[in-house]
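Just so it is clear: chains get the letters A, B, ... in the order the sequence lines come, proteins before strands, and each one is counted from 1.
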Amino acid sequence: MVDIRPDEITAIIRKQLSGYESEAVIYEVGTVLQVGDGIARVYGLSKVMASELVEFPNEVFGLVLNLEEDSVGCVLFGDCSLVKEGDIVKRTGKVASMPVGEALLGRVINPLGFPLDGKGIIETKHFLPIERKALGVLDRSPVKEPLQTGITAVDAMIPIGRGQRELIIGDRQTGKTAVAIDAIINQKSTHTEESKKLGINPVYCVYVAVGQKSSTVAQVVAKLHEHGAMDYTTVITASASDPAPLQFIAPYSGATVGEYFRDSGRHSLVIYDDLTKQAAAYRELSLLLRRPPGREAYPGDVFYLHSRLLERSSKLSDRLGGGSLTALPIIETQQGDVSAYIPTNVISITDGQIYLEPNLFNAGVRPAINVGISVSRVGGSAQIKALRKVAGSLKLDLAQYRELEAFAKFGSDLDSSTLNTLSRGARLVELLKQNQYVPIPIEKQVVSVFLGTSGLMDQVPVVDIKRYEKEFHEYAEMRYKDIYSAIRESKELKDDTINTIKKAAAELSSTFKKSE
Amino acid sequence: MSQSKVAKIYAESLYDYAVAQNNLENVITDVEKLKWLFVHSAELLRTVQSPIVRSIDKLAIIRGAAKNSLTTEFDGFINLLTKKNRIDFIPEIVEIFSDVCDKKEGVLRVTVTSAIALSDEQMQSVKDMLHVRFNKTIVITPLIDAELIGGFVVRVGDNVIDASIVNKLKQIKKKFINTSISLN
């Protein structure tokens, strides 16, 4: 324990006070006319701006959303029982903004930038408004660098590029968050010295939890810590018990944090988990502000709510530093209904979707990605050559397998080519299964997919596929290490590498013990 | 609190007319009288705003309530309102009439809150300060609030000039919270 002397404390206090100049403060005020349900109507505040932050008594803050002829409609970010009719409301003169910067990495904060992890104040000089305008056409460039999720099924068939917006959609309990968390964990590889040498820029991550249980968020944070992913990640949370306005602004805060990295020429990945709940929070406060309800009681601008958020993700042109903001929004569907209002809106805004199905999940195909209807509209150009080469036949084989699968159930006599397709398909499905929190490096993905599509695994029983894959990687790491380094460095699958893989596979197959 | 445009336009016209007729003082007395009546008789207010009662009857009721002692200018004014079917606005017009008068005459009403009652000299210096700032005739409503500890708070419409001790303490508190102290 440091021994503290009273005179030191006096000196410190004197030092702190030395900068203080007493002056009269001038501010603008209004009076609360009506308060309730997280909404306050304020008389006065005649010069207030839309989306300005206003201060109520007891340190409750509010956001101005409605400017009417002689009153102002505000949403409250705090407990509305602390605000009474007749209270004085002060203008702050600032639009809602939040701290950004490196100091946020490894922190858990609320959407206004206040820390929730008990690690003290966030020391940063940079503040950016929560709502920012998306960039124009000239400031952007096409998506060209890959953002690897470490999930073979995604990286091979639904590749995501830096600056893309890829929707993760599915029912509850289908592993939507798991896909997103794996993507965050996999970015760890971009922060290594080796990646730096290969010219892969680090990706900073933001995980925005909207309307989730605090326990779930705590679990996610613990998992990220466990895998060393918190070093480059910020978690923004507005839990289910937080007021609707906080849940409504949380995704915008996340985008703001990501934009700081994007604008400084770096790369960021923002996960919005999930936008369905944000839309519900926005519906709640829109109805309380008496805006007219539309379809499913959502207000008319619910499309704009999501489009202005997702438009902020972008790949910048080289003139602006070439940074990127990739967005992985998550949408939860009810009973697989993708034609509901919010899912169709977000599907139309994003550059593709990863569709997760409960049937597959229950059948043990995890991640439960339905590769038939999942697409990535722009990521293809960002995929590395080696993976693109092997993924072409993977898609085709799986498509044929799905078509024949229904037939095969009848058990009628099948010709040999049909049987071949079926057995290949079953092996590929098995190969694409992957455990949670174990992202696979891209070079291993290439080798695994190559093993599957080139028929090197056709003699391996379906139940042994994962074991064979694991043993192959172990064997090759030991004996033919340059397979991986060649793919990693050249990003291509050259003929001599293919030959080495074939050789290794032949050697392993001769000793591989099939399970009974 | 809602100030409809109609009420404002009529109130301004009434003011201009009263000034032109050189009878502003009496008109103000009438307006105040009516305002007092509306505040103290909810029944009268309801009747005047009721869509069921005919305008002619409303006029007669208002005249009767004021005991037929209204000035000719004001009587003519409510007669005009009746003809134009705007008599429903009369409560609002009398409500904002004093604001209109203040605006036309360049009067600024401010409240000055202090911890202890200010002396006349202090009041005068506050008045002078505000006069320099806003260039208007200042009318002060003094208020006492012991919670301010010292100093004063001036409220002018939506603007507040806060020179109270309690606010300064709050600022010092904020300053202390927002800076990190290192012991070395």
Provide the closest heavy-atom pair for A:I26 versus B:I161 in the form atom of the first, atom of the second, distance.
-> CG1-CG1, 4.0 Å
Can I get a per-line list of side-chain donor-acceptor pairs under 3.5 Å for residues 96-107 of chain A, giving both atom names and the distance, sequence neighbours left out?
residue, atom, partner, partner atom, Å
A:E102, OE1, A:Y260, OH, 3.4
A:E102, OE2, A:R266, NH1, 2.6
A:E102, OE2, A:R266, NH2, 2.8
A:R107, NE, A:D117, OD1, 3.4
A:R107, NE, A:D117, OD2, 2.9
A:R107, NH2, A:D117, OD1, 3.2
A:R107, NH2, A:G120, O, 2.6

Residues of residues 119-157 of chain B with a heavy atom under 4.5 Å from any heavy atom of chain A, in residue-number order, are B:R133, B:R155
Is atom CD of A:E85 surrounded by more than 12 heavy atoms (other residues, nucleotides or ligands) closer than 6.0 Å?
-> no
Above 12 or not: heavy atoms from other molecules or residues under 6.0 Å from NZ of A:K84?
-> no
Could you tell me whether A:E59 atom CD has more than 12 heavy atoms of other residues or ligands within 6.0 Å of it?
-> no
For A:K119, does the NZ atom sit with more than 12 other heavy atoms under 6.0 Å from it, leaving out its own atoms?
-> yes
